[in-house]
Every structure is written in structure tokens, then in C-alpha cells.
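Report on the structure given below.
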Amino acid sequence: MKVGFIGLGNVGGKLSGSLLRNGIDLTVHDLNADLVAACVEKGAKAAEGPAQLMRDCDAVITCLPSPAASDAVMQEMHGEVTEGKIWMEMSTTDEAEVKRLGAMVIEKGGAAVDCPVSGGCHRADTGNISIFAGCDRATFELILPFLTTMGRRVLHTGELGSASVLKVLTNYLATANLITCSEALVVAKAAGMDLNTAYEAMKISSGTSFVHETESQVILNGSRDISFTMDLVLKDIGLFQEVADRAGVPLEINPLMIEIFKDGIEKYGPRELSPNIIKRLEDKTGLDITAPGFPAEMVDDEPEEPGYEVHPQGKGAVAAE
């Protein structure tokens with residue numbers, strides 16, 4: 001199958017790299033010509049635009065920064081959708097929006113999948129990231145070889161839109177972890193604790209998390225570089241809030257997190273690196289939350305391994321008689 005890829009940014013560039021590294025026939029497009037050129041140097045072909053990609057490829061992947069960007073691309077591609085074409089939306093987007101755009105593909109005989117990733121840019125770079133996929137089972141099995149090329153753990157989440165709900169749910173949890181890790185590190189410093197020791201205490205305790213073991217490291221290094229920005233965090237937790245509002249769930253923590261990141265954006269700008277949300281407390285306390293021996297950016301030290309489907313615990317289990 002021929003695959004098209006639209007959106008070669010921090011995540012998309014790495015996911016497309018995994019496809020190329022594993023011999024997939026790939027054609028790419030991005031508004032940034034330099035990103036396209038870099039991908040072509042690795043063996044990809046360049047497309048004139050989204051319409052050509054949908055016309056010439058069997059499956060087209062989009063990995064874009066906002067629902068509005070995905071909509072704009074779909075408007076260009078829609079006229080070229082025919083029976084058997086597959087649209088794979090790997091952007092972090094709104095459940096209702098991916099269903100709307102997916103319906104446009106399905107009504108013309110194509111298939112639609114929302115398949116966002118989770119696990120950090122460093123794992124996207126090595127093909128070890130996790131992928132959620134929302135679609136019918138037949139389509140999932142058809143695209144599974146591509147998903148297991150780009151990621152290690154692949155979860156079929158159910159119907160179209162379900163993956164997007166779970167993606168913003170997990171990003172909500174990651175944001176909550178980032179804020180609490182930031183507060184914990186500042187309190188540790190203010191209380192006279194050695195930050196290297198505090199990091200290890202958090203890591204080996206019930207208080208640890210994926211976010212602590214990654215983002216706390218670049219916080220303590222001072223680079224704060226996790227390849228993610230405050231405006232993207234605000235977008236993601238805003239999408240989670242929309243899911244909660246539609247479901248009638250009166251959240252308490254997420255609205256506060258939205259206000260915290262709005263304040264961070266007002267103080268430091270929308271493109272500030274997201275771990276620098278800790279600067280709000282650094283500025284208020286005058287404390288420097290850095291320590292020696294931590295990396296400036298995260299690198300996945302696990303070898304690239306073949307991906308596989310993850311089966312939900314307990315699902316389909318037969319009760320003991």
C-alpha cells in the first residue's frame with residue numbers, strides 16, 4: 001500500500017521517519033518546505049498537496065496541530081476520496097470533529113480512523129510510542145501493520161472518535177502530573193531538600209509517574225525541552241473539558257488547570273515550553289529549580305521492537321462457572 005503523510009512537525013516528522021525506516025512507500029506534504037526536503041532526503045516522495053496525496057495513495061495520515069488544520073486539509077482531500085481509501089487522523093483532536101470529518105470520508109466509500117499517539121516525542125522517534133485506534137475492526141486489522149511500524153503498543157479503542165476521547169483523557173492526566181510534580185519540586189527546594197535526592201525519592205515511591213520520570217528531568221536540567229508548548233497543553237485540556245461538558249460531568253481540577261495554563265501563556269507566551277509552567281512558582285518564590293546530572297532532552301534508550309496489539313484487561317473474559 002502507498003501511504004501519504006501530512007504534517008511533519010515534532011511528532012509527525014518522527015512517525016513518518018519510522019515508516020521510511022521500515023521500507024514503507026511514503027509520500028509527504030507539509031507547509032514547511034524544509035521539513036519536506038528533509039523527509040525526501042530519507043527516501044520519501046513529495047506531494048503537491050493534500051488532494052494529490054488522497055488521489056495517489058491508499059491511505060493518508062494527518063498529524064496536525066489543531067482541529068481547524070485537519071478540517072482545512074480534509075476540505076482539500078475530500079474530492080479525491082473514493083471507495084477503499086483510508087484516512088488516518090493522528091492529530092490530537094476533538095471527538096465530535098473527527099466523527100464529522102470521518103463521516104465525509106465514509107459517505108464516499110472510504111474508511112476513517114482516529115489514531116493519536118501517546119508517550120513522548122522521544123518514543124515517537126524510535127517507533128516505541130503507544131497508539132490508540134478508533135474504527136471498525138476490519139479497518140483496524142487492515143492498518144495494523146502501519147500502526148505497529150510507527151508504534152510499539154497499539155490499542156483498538158472502539159468506534160471512530162473513541163481514541164480521541166482517550167487521548168485527551170491521558171493528556172489531562174499528564175498535565176495534572178506536570179503541575180503536581182512542579183509544585184512538589186518547588187516545595188522540596190523551599191523546605192531545604194536536595195533536589196537530586198528529592199527526584200529519586202519521588203521516582204522510587206508511590207508518587208512516581210511517567211511524567212515525573214521524563215519531564216521532571218528536563219525541568220531539573222533547566223532546558224525544560226520536552227518538545228511541547230503551553231498552547232498545545234491548553235488546547236488538549238480544553239478538548240478534555242469539552243468531552244466532560246458534553247457528558248455532563250462537573251469537573252473541579254481541570255478548570256483550575258486551564259486557568260493555570262492561561263496564566264502561564266499570559267506571562268511567558270503561547271509557544272513557551274510546557275514544563276516551564278514551573279516558572280510561575282520559581283518567579284513567586286525566587287527559587288531556582290535545577291540540579292546537576294539531568295539530561296537536556298529525553299532520549300529513548302529502548303531498542304526499536306516490533307509493535308503489537310494491546311488487549312484490554314478483563315475485556316471478553318468469561319466468568320468462572
Side-chain angles (χ1 to χ4, degrees), residues 1 3-7 11 15 54 57-64 66-71 73-75 77-78 81-119 129-173 235-249 251 307-318:
M1 291 178 69
V3 178
F5 204 109
I6 303 174
V11 176
L15 295 173
M54 184 57 77
C57 297
D58 301 295
V60 176
I61 298 168
T62 49
C63 191
L64 299 163
S66 68
S70 292
D71 176 66
V73 165
M74 180 55 70
Q75 299 312 316
M77 294 194 301
H78 186 244
V81 176
T82 56
E83 186 171 354
K85 298 284 188 179
I86 303 172
W87 171 52
M88 299 168 60
E89 171 65 294
M90 301 196 79
S91 317
T92 300
T93 191
D94 176 57
E95 169 203 12
E97 183 66 359
V98 77
K99 285 182 175 179
R100 182 183 72 83
L101 297 180
M104 294 170 61
V105 174
I106 293 168
E107 70 183 3
K108 299 190 71 175
V113 188
D114 59 325
C115 44
V117 301
S118 185
I129 203 161
S130 297
I131 303 177
F132 304 153
C135 59
D136 62 87
R137 184 69 199 185
T139 300
F140 176 76
E141 291 179 358
L142 187 62
I143 65 169
L144 186 57
F146 299 126
L147 298 180
T148 54
T149 296
M150 291 183 284
R152 181 183 294 187
R153 301 170 185 87
V154 180
L155 178 66
H156 183 216
T157 57
E159 65 183 14
L160 179 68
S162 59
S164 293
V165 171
L166 292 173
K167 168 60 176 176
V168 297
L169 181 154
T170 59
N171 277 17
Y172 156 75
L173 292 171
K235 180 202 77 171
D236 290 352
I237 57 178
L239 290 172
F240 179 69
Q241 187 66 47
E242 290 177 17
V243 172
D245 291 345
R246 285 196 295 266
V249 180
L251 300 181
Y308 57 89
E309 181 181 356
V310 174
H311 297 279
Q313 181 175 329
K315 189 173 183 179
V318 178

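This one's a predicted model, so the numbers in the text were calculated from it and none came from an experiment. As a basis for the values below, the full set of heavy atoms in this structure was taken, side chains included, without hydrogen atoms, waters or symmetry mates.
Atom CD of Glu141 sits in a crowded spot, with more than 12 heavy atoms from other residues, nucleotides or ligands closer than 6.0 Å. By the neighbour-count criterion of 12 heavy atoms within 6.0 Å, atom CD of Glu83 is sparsely surrounded, having that number or fewer from other residues, nucleotides or ligands.
Judged purely by atom type and a 3.5 angstrom limit, Lys108 uses its side chain to pair as donor or acceptor with the backbone of His78. The backbone N or O of Ser130 sits nowhere less than 3.5 Å from a side-chain atom of Ser118 that would complete a donor-acceptor pair. Here the side chain of Thr139 pairs no donor or acceptor atom with the backbone of Cys135 at under 3.5 angstrom. Between the side chain of His156 and the backbone N or O of Gly134 there is no donor-acceptor pair closer than 3.5 Å. Between the Lys235 side chain and the Thr92 main chain, a donor and an acceptor come within less than 3.5 Å of each other. A donor-acceptor pair is defined here as one N or O able to donate and one able to accept, closer than 3.5 Å; such a pair exists between the side chain of Lys85 and the backbone of Met54. Under a 3.5 Å cut-off, the side chain of Ser91 and the backbone N or O of Leu64 do form a donor-acceptor pair. Of the possible donor and acceptor atoms, one in the side chain of Asp114 sits under 3.5 Å from a partner among the backbone N and O of Gly161. The backbone N or O of Ala163 lies less than 3.5 Å from a partner atom in the side chain of Thr157, making a donor-acceptor pair.
Under the 4.5 Å side-chain criterion, counting only non-hydrogen atoms from C-beta, Pro67 is in contact with Thr93. No side-chain heavy atom of Leu239 sits under 4.5 Å from any side-chain heavy atom of Glu95. Val154 is not listed as a side-chain neighbour of Tyr308, based on a closest heavy-atom distance of 4.5 Å or more. The side-chain heavy atoms of Ile6 and Ile61, taken from C-beta on, include no pair separated by under 4.5 Å. The shortest distance between side-chain heavy atoms of Met104 and Gln75 falls below 4.5 Å. A heavy-atom distance below 4.5 Å is found between the side chains of Phe132 and Thr170.
With respect to the salt-bridge test (charged N to carboxylate O, under 4.0 angstrom), the residues Arg152 and Glu309 do not qualify. Looking at Arg246 and Asp94, a side-chain N of the basic residue comes within less than 4.0 Å of a carboxylate O on the acidic one, giving a salt bridge.
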Run the side chain to side chain contact (heavy atoms under 4.5 Å, CB included) check on Met77 and Thr62 step by step: do they pass? CA-CA 11 Å; Met77 294 194 301; Thr62 49; 4.3 Å; yes
Side chain to side chain contact (heavy atoms under 4.5 Å, CB included) between Leu15 and Val117: does it pass, once the steps are laid out? CA-CA 9 Å; Leu15 295 173; Val117 301; 4.0 Å; yes
Derivation of the side chain to side chain contact (heavy atoms under 4.5 Å, CB included) call for Phe140 and Leu147: CA-CA 9 Å; Phe140 176 76; Leu147 298 180; 4.2 Å; yes
Give the C-alpha distance, both sets of side-chain angles, the deciding distance and a yes or no for side chain to side chain contact (heavy atoms under 4.5 Å, CB included) between Phe240 and Val165. CA-CA 7 Å; Phe240 179 69; Val165 171; over 6 Å; no
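A donor-acceptor contact closer than 3.5 angstrom is absent between the side chains of Glu97 and Ser70.
Annotation for Ala133 and Val113: closest pair CB-CG1, 4.3 Å, computed over non-hydrogen atoms. Contact detail for Met90 and Cys115: the closest heavy-atom pair is CE-O, 3.3 Å.
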